[in-house]
Participant: 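Here it is, the structure, as structure tokens.
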There are 2 protein chains.
Amino acid sequence: MPKIVDHEARRRHIAEALLRIISRDGLDAVSLREVAAEAEVSMGMVQHYFSTKDEMLMFALAHLNARIGERVARAAAAGSPRALVRAGLLELLPLDEERAFEARIGLAYLARSVVAEDLAALLRAALPYVVGFYAEQIRTAQALGQVYAGLDAGKEATILFTMAQGMVNPALIGHLTPEQVEAAVDYQLDRLFPSR
Amino acid sequence: MPKIVDHEARRRHIAEALLRIISRDGLDAVSLREVAAEAEVSMGMVQHYFSTKDEMLMFALAHLNARIGERVARAAAAGSPRALVRAGLLELLPLDEERAFEARIGLAYLARSVVAEDLAALLRAALPYVVGFYAEQIRTAQALGQVYAGLDAGKEATILFTMAQGMVNPALIGHLTPEQVEAAVDYQLDRLFPSR
DNA sequence: CGTTTTACAATGCGAATGCATTGTAATTCG
DNA sequence: CGAATTACAATGCATTCGCATTGTAAAACG
């Protein structure tokens, strides 16, 4: 067998270049040649590690999700249910350059999921877990008396999540400042967790 | 001068074909040839009425906005501030085939606005009016004693709007049913307008 | 040492793209 | 009636695309 190469590392290297292109210029700007140039490798190498463009896009999405997942897990280390929910929501919002980088990519895939059934299936599978996490925290808070027991944890979770998702574009195009985004999140959270 | 032709009618005819393509197959599927085929006209005719593809995309967006605007205006005919806000929100959500058709297109343009500055500028200009409409209704309701005066109308409006926007994709891919979408909207509205 | 296998690099290719160009029929105006 | 203008239709063209093919160097293995 030939040269010693870390296969997965190469794939990640290429995937990161791909993500940079999506974040900077959108999904439309992705071509094998562009990816090769951005990754500073040959086009043949890109083809060597990904048999089709679609596979590459899927791998890059999984790679991104892993990255975000790690960050969320780290942010979710600290504290109360409210802090956990807040941290989880803010990780999805473009409040700094790192999160904006990811939010742009996420929105691109999100839009494509409307016409790409494989992406839609992925989302449908993942969403229950994401929203479920928020719902669970709210139920915990209800058990602790931090949230009024009469509230519908599932609906509250859905509202929080969709609100955050809906703020992504307005924040990215500059209609909402990071401060306004954070203030709106906290405003809704204050209502849910009246103790503060 | 030659043949009598309703210039604007032709442009609308082509734009509607364009919107159908976007809604069915996404923005990527739009090509001059596809549009011509969908509109059942020659490609030369498409070029005759739109000097560039970009101009066509912009015109189609304006056409769509006009359509939605009309529907919103019609829906906003009836009633209380709460009914107005509710109607305005529901018009943006894919609760039936007509609105789903439009929501798919809206999401496609929304995603592109992240990397297309002209679209972003359009959105930045339009958003204050849309969100402002909700805020205004909430302030009216506050004056009427239907909404607690201590609430921040601007933030409430932002939350309602972003929540609705954030539900578009989950609804389109089937994660949220139309019933769940409507229930979540009413749930948040119930909190805002406690009288019911 | 030679064979096999992996890791690329380079090039080729048909299809599709946006746009430009050219041609033509029809209608109005002087 | 002739000239000009408009409304198309048809085709050409350079570019870009994803992917296939081919070639080559290097390393492990018998």
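The chains referred to below are lettered A, B, ... by the order of the sequence lines, with proteins before strands, and numbering in each begins at 1. Given the structure is predicted, the values throughout are model-derived calculations rather than measurements.
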Participant: From dA9(D), dA7(C), dC19(D), pick the nucleotide closest to the side chain of M45(B)?
Facilitator: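 Within the option list, the nearest is dA9(D).
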
Participant: Rounded to whole Å, please give me the gap between CG in D28(B) and P in dT17(C).
Facilitator: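 That distance rounds to 11 Å.
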
Participant: Reckon H48(A) has a side-chain N or O less than 4.0 Å from the OP1 or OP2 of dA7(C)?
Facilitator: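 Looking at the OP1 and OP2 atoms of dA7(C), one of them is under 4.0 Å from a side-chain N or O of H48(A).
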
Participant: The side chain of R33(A) is closest to which nucleotide in this list: dC19(C), dC13(C), dC8(C)?
Facilitator: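 Nearest listed nucleotide: dC13(C).
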
Participant: Report the distance from atom CD of E34(A) to atom P of dG18(D), rounded to the nearest whole Å.
Facilitator: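 Taking CD of E34(A) and P of dG18(D), I get 10 Å after rounding.
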
Participant: With respect to the side chain of M43(A), which nucleotide from dC19(D), dG18(C), dA7(D) is positioned closest?
Facilitator: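 The answer is dC19(D).
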
Participant: Does Q188(A) form a side chain to side chain donor-acceptor pair (under 3.5 Å) with R191(A)? I'd like the steps, not just the answer.
Facilitator: CA-CA 5 Å; Q188(A) 177 79 4; R191(A) 178 153 49 203; 2.7 Å; yes

Participant: Using the ring of each side chain (for Trp, its six-membered ring), is F50(A) parallel, tilted or perpendicular to F59(A), with breaks at 30° and 60°?
Facilitator: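 Tilted, since the angle between the ring planes falls between 30° and 60°.
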
Participant: Assess whether a salt bridge exists between E70(A) and R67(A), defined as any Lys/Arg side-chain N lying under 4.0 Å from an Asp/Glu carboxylate O.
Facilitator: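 Judged by the 4.0 Å cut-off on N to carboxylate O distance, E70(A) and R67(A) do not form a salt bridge.
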
Participant: Indicate whether any N or O donor in one side chain lies under 3.5 Å from an N or O acceptor in the other, for E156(B) and Y187(A).
Facilitator: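 Yes.
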
Participant: Identify whether any heavy atom of V30(B) sits under 4.0 Å from a base atom; if not, whether one sits that close to sugar-phosphate; answer base, sugar-phosphate or nothing.
Facilitator: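 Answer is sugar-phosphate: V30(B) comes under 4.0 Å of backbone atoms only.
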
Participant: Take the protein atom CZ of F50(A) and the nucleotide atom C1' of dC8(C), then report the distance between them rounded to whole Å.
Facilitator: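 Atom-to-atom, F50(A) to dC8(C), this comes out as 15 Å.
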
Participant: For dC8(C), does OP1 or OP2 lie under 4.0 Å from any side-chain N or O of R10(A)?
Facilitator: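 Answer yes for this pair, as a side-chain N or O of R10(A) is under 4.0 Å from OP1 or OP2.
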
Participant: Checking contacts here: which listed nucleotide (dA10(C), dC19(C), dA9(D)) is nearest the side-chain heavy atoms of Q47(A)?
Facilitator: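 The answer is dA10(C), which lies nearest to the side chain.
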
Participant: When rounded to the nearest 0.5 angstrom, what distance separates CG in L119(A) from CG in L57(A)?
Facilitator: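 If I round to the nearest 0.5 Å, the distance is 8.5 Å.
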
Participant: Between dC8(C) atom P and E40(A) atom CD, what is the distance in whole Å?
Facilitator: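 So the CD-P distance, E40(A) to dC8(C), works out to 15 Å.
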
Participant: Side chain of K53(B), heavy atoms from C-beta onward: which of dA7(D), dG18(D), dC19(C) has the nearest atom to it?
Facilitator: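 Nucleotide nearest to K53(B)'s side chain: dC19(C).
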
Participant: Could you tell me whether V35(B) contacts a base, only the sugar-phosphate backbone, or nothing, with contacts defined as non-hydrogen atoms closer than 4.0 Å?
Facilitator: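 Here V35(B) touches no strand at all.
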
Participant: Tell me: CG of L32(B) to C1' of dT11(D), nearest whole Å?
Facilitator: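 Rounded to the whole Å, the gap is 15 Å.
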
Participant: Describe the nucleic acid contact of S51(B) in one word from base, sugar-phosphate, nothing, applying a heavy-atom distance below 4.0 Å.
Facilitator: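 Result for S51(B) = nothing.
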
Participant: In whole Å, I'd like the distance from the NE2 atom of H7(A) to the C1' atom of dT6(C).
Facilitator: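 It works out to 10 Å between those atoms.
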
Participant: Given dA9(C), dG18(D), dC19(D), which nucleotide is nearest the side-chain atoms of S31(A)?
Facilitator: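 Taking heavy atoms from C-beta onward, the closest nucleotide is dG18(D).
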
